[in-house]
**Q** 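Input: one structure, supplied below.
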Amino acid sequence: MEYLHIGLAALGAGLAVIGAAIGVGKIGGSAMDAIARQPEASGKIQTAMIIAAALVEGVALFGVVAALLGVLTVPA
Amino acid sequence: MEYLHIGLAALGAGLAVIGAAIGVGKIGGSAMDAIARQPEASGKIQTAMIIAAALVEGVALFGVVAALLGVLTVPA
Amino acid sequence: MEYLHIGLAALGAGLAVIGAAIGVGKIGGSAMDAIARQPEASGKIQTAMIIAAALVEGVALFGVVAALLGVLTVPA
């Protein structure tokens with residue numbers, strides 16, 4: 001059981017990815033619908049999509065890095 | 001079991017990312033729909049989107065940092 | 001098990017972030033829809049959005065600080 005924390009940290013990385021997928025998936029999906037409804041506004045929609053997706057991505061990558069540090073902690 | 005807290009803290013980081021993604025995803029998705037409905041108001045919509053997303057992002061990054069501090073707490 | 005509370009406190013930080021994200025996400029998403037429906041009222045909508053979001057944000061930051069204090073409590 002000494003290495004249990006490594007598995008839990010990997011689970012945490014998985015949760016972070018689930019989160020990122022929910023967020024970017026919702027943003028990207030709505031962007032598709034929006035471009036389909038107003039193709040002439042695709043430039044504005046794409047700009048907003050990238051800003052919103054980058055906000056999710058930033059915290060998700062940070063979360064995965066935190067989980068990775070947990071995975072790499074080997075008991076002395 | 002001495003290192004168990006590291007895994008749990010990484011799980012906490014994953015939960016924080018799920019939260020950020022739900023929040024920013026909902027805001028960003030609605031912003032896409034809003035720009036599609038009123039492309040001429042895209043400036044105002046994008047400003048409001050960034051303010052709301054930044055509020056979620058702030059507490060999310062704070063939560064991930066708190067979890068990261070937990071991951072980095074190595075038993076003496 | 002001496003450090004278990006640190007992991008649980010980090011889990012609490014993650015839960016607080018999920019709560020804040022659900023709340024601010026719902027407020028922000030509805031604000032986007034509202035601005036799209038009445039672009040000329042965007043100033044009033046944004047003011048109300050920030051007030052409501054700040055109420056969620058306040059208690060969320062307090063919750064994360066409480067969790068952070070738990071993370072920082074090192075057994076003597």
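Proteins come first, then strands; the chains are lettered A, B, ... in the order of their sequence lines, and each starts at number 1.
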**Q** Return the minimal non-hydrogen interatomic distance between A:A41 and B:P39, and the atom names on each side.
**A** CB-CB, 3.9 Å
**Q** Using non-hydrogen atoms and a 4.5 Å limit, figure out which bit of B:A31 sits close to chain A: side chain, backbone, both or neither.
**A** neither
**Q** Restricting to non-hydrogen atoms, name the atom on B:L15 and the atom on A:L15 that form the minimum distance, rounded to 0.1 Å.
**A**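 For B:L15 versus A:L15, the nearest heavy atoms are CD2-CD1, 4.1 Å.
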**Q** Tabulate, with distances rounded to 0.1 Å, every donor-acceptor pair spanning chain A and chain B at under 3.5 Å.
**A**
| unit_1 | atom_1 | unit_2 | atom_2 | d |
| --- | --- | --- | --- | --- |
| B:A36 | O | A:Q38 | NE2 | 2.8 |
| B:P39 | O | A:K44 | NZ | 3.1 |

**Q** Between atom CD1 of A:I35 and atom CD1 of B:I35, what is the distance when rounded to the nearest 0.5 Å?
**A**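 These two atoms lie 10.5 Å from each other.
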**Q** Determine which residues belonging to residues 49-56 of chain B lie within contact range of chain A, meaning some heavy atom pair is under 4.5 Å apart, and list them by number or answer 'none'.
**A**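 So the qualifying residues are B:M49, B:I50, B:A53.
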**Q** Can you tell which part of B:L72 gets under 4.5 Å to a heavy atom of chain A, answering side chain, backbone, both or neither?
**A** side chain
**Q** Tell me, side chain or backbone of A:L11 under 4.5 Å from chain B's heavy atoms, or both, or neither?
**A** both
**Q** Which residue out of A:I22, A:V59, A:L69 racks up the most heavy-atom pairs below 4.5 Å with chain B?
**A** A:V59
**Q** Identify the heavy atoms of B:G70 and B:A9 that sit nearest to each other, and give their distance.
**A**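 Smallest heavy-atom distance, with atoms named: C-CB, 3.7 Å.
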**Q** What are the two closest heavy atoms between A:G63 and B:A13, and how far apart are they?
**A**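 Distance-wise, the nearest heavy atoms are O-CB, 4.3 Å.
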